[in-house]
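Data first, discussion second: the structure below is written as structure tokens.
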2 protein chains.
Amino acid sequence: MKIDPKSDADLSAQIATAIRDEIIAGRLIVDARLPSEAELAEQFDVSRPTVREALKRLAAQSLIRTQRGATGGAFVNKLSFTEAYAQQITTSTLLLSMNDVSFETACEARFALERSCAELSAQRCGPDDLAAMRAEIHRQGQPNLSDEAFCASDVAFHRALVDGAENPVLSYQLAGAVEAMQPLMNMITFSARDRARIVALHMRIAGAVEARNAADISDGLTALEAETQSLARSLFKKGN
Amino acid sequence: MKIDPKSDADLSAQIATAIRDEIIAGRLIVDARLPSEAELAEQFDVSRPTVREALKRLAAQSLIRTQRGATGGAFVNKLSFTEAYAQQITTSTLLLSMNDVSFETACEARFALERSCAELSAQRCGPDDLAAMRAEIHRQGQPNLSDEAFCASDVAFHRALVDGAENPVLSYQLAGAVEAMQPLMNMITFSARDRARIVALHMRIAGAVEARNAADISDGLTALEAETQSLARSLFKKGN
DNA sequence: GCGAAATTAATGTCAGACATTTAAAGTTTC
DNA sequence: GAAACTTTAAATGTCTGACATTAATTTCGC
């Protein structure tokens, strides 16, 4: 594990990259302990603060975790779906907000992606995910539900639909895409009339899942996309 | 911008979170300059090394960039699709390798996701993306192409297909999913016979794009998925 | 007025110290 | 001998202060 003395990048960045490469290449496996900060400092011939900056970079990406105390140190972290998912949401959210992505483009991508679970969810969706969908639909029908709670329930509904595909990789990718849209969706406030139409579409989708009809799930999502887009258009036209 | 004195997390982590929240909330906008390290140290009542660790955490996520010199400092970075995409690939790749995700599961998710661009690519794919697909197909037919180059060309082919949807958000999500699979795909070495079948399917997909036939694109991808899965199965059975 | 040199303000790096945490080894007590 | 307590050691977390390096700005000389 060496760094290039000719590079003019920060030492801490170079060290972080060197360690990251070891992890990606599998030469440092999950739960392996890195040398102590003092040892790393000696190995790379830098000071301890510099090593620490490098380790913090890796910690920010959940590649390592640190533990204090006698048997402590930095350990290669087993990246969980939950952590990866949280990171992806942060990144995607910022990406959308910083690049002036139009609601239309983001919405199109979101539903296109979500439709990709239709086939598998129709085949595999179990009673628990279906029950979760029904529960969220019921919640969405409550008249005194706040806009924030309605949006959160909406996310939970789609999450259950996606999880019905019983493929964790797909869930990870789709849940990230759906949730990254949430801040944009929150800009829309729903009238009672809008909510009723959305809930109706949710019921249609849940019904299609129960009937194990992939095409109907897909069509339901397409209808929901059209509804969302037209809602957004009417709001933006009003100069909101 | 304050931190909770009761929290027992690392100071640098708390500070990083505080600044990240400011960015996400839009109170620190793109290209805004953060206070200098010395000023931040004073504001948060910590030392400069601690502030630096926090800043490195943010830099690791491409949330800030730093510049040396008189007018230097840390600036809120405009997260580009390219950066977000690189990060997503690293995360997804590690996620797959660390969680014993089976080839079957990952492959299923990858193709399910990719099919989500079929409709849009059929509608919008321009001559440049189509030409890119044709060029990769031609390259894949060269008999003296190395396995690595064949895989890279395969990725480029799918990348062009996805870009044909003309939706940057979709490209970002899908390209990440496709490329994260690459290390797993690289475990498979292709015989000449395998290559010929894959190239034939690529031609079929390219033809469907040119004919603007979304269903055919989708079917072509499904056939490619079946081919890939059976190839993987036969390899793993041989005890590889 | 223009070019070169000095200034300055920032990040990058280092050295050494102390604080805190945690597990394990050692010691005492019953 | 076992349980409870104490000590020790090794690690990360944090601080202080210094110096190095970079790059824009200002000043000075001509």
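To find a chain, count down the sequence lines: A is the first, B the second, and so on, and within it residues start at 1.
Contacts of Arg65(B) with the nucleic acid, taken as non-hydrogen atoms under 4.0 Å apart, are absent.
Among the nucleotides dA15(C), dG12(C), dA24(D), the one closest to any side-chain atom of Asp10(A) is dG12(C). Across dT11(C), dG12(C), dA11(D), the shortest atom-to-atom separation from the side chain of Ser36(B) is found for dT11(C).
Considering only side-chain N and O atoms, Ser47(B) lies under 4.0 angstrom from the phosphate OP1 or OP2 of dC15(D). For Thr50(A), a side-chain nitrogen or oxygen approaches OP1 or OP2 of dC14(C) to under 4.0 Å. Look at Arg52(A) and you'll find a side-chain N or O under 4.0 angstrom from OP1 or OP2 of dG13(D). Of the side-chain N and O atoms in Thr66(B), one or more sit less than 4.0 angstrom from OP1 or OP2 of dG12(C).
Counting to the nearest Å, the C1' atom of dT20(C) and the CG atom of Leu11(B) are 12 Å from each other. Rounded to whole Å, the distance from CD on Glu39(B) to P on dA9(C) is 11 Å. Nucleotide dG13(D) holds its P atom 19 Å from the CG atom of Asp45(B), rounded to whole Å. A straight line from CD of Glu53(A) to P of dG13(D) spans 14 Å, rounded to a whole angstrom. Distance, Asp8(A) CG to dG12(C) P: 12 Å, rounded to whole Å. Rounded to whole Å, atom C1' of dG12(C) lies 12 Å from atom CD1 of Ile15(A).
The 5' end of DNA chain C is approached more closely, in terms of each residue's nearest nucleotide, by Pro35(B) than by the other of Pro49(B) and Pro35(B).
Aromatic rings from His138(B) and His202(B) are positioned such that their centres are separated by 6.0 Å or more.
For dG17(D), the base has no donor-acceptor partner in the side chain of Arg48(B) [N/O atoms by modelled type, under 3.5 angstrom]. In this model, no side-chain donor or acceptor of Arg68(A) finds a partner on the base of dT22(C) within 3.5 Å.
A cation-pi arrangement is found for Arg159(B) relative to Tyr85(B), the charged atom lying closer than 6.0 Å to the ring centre and inside a 45° cone about the ring normal.
A salt bridge is absent between Arg110(A) and Glu225(A): the closest approach of a Lys/Arg side-chain nitrogen to an acidic carboxylate oxygen does not fall below 4.0 angstrom.
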Please tabulate, for the side chains in residues 5-15 of chain B, all donor-acceptor contacts under 3.5 angstrom to protein atoms that are two or more places apart in sequence or on a different chain.
| from | atom 1 | to | atom 2 | distance (Å) |
| --- | --- | --- | --- | --- |
| Ser7(B) | OG | Ala9(B) | N | 3.2 |
| Ser12(B) | OG | Arg57(B) | NH1 | 2.6 |
| Gln14(B) | NE2 | Ala9(B) | O | 3.0 |

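Between Phe81(B) and Tyr172(B), the two ring planes are perpendicular [angle over 60°; tilted spans 30° to 60°].
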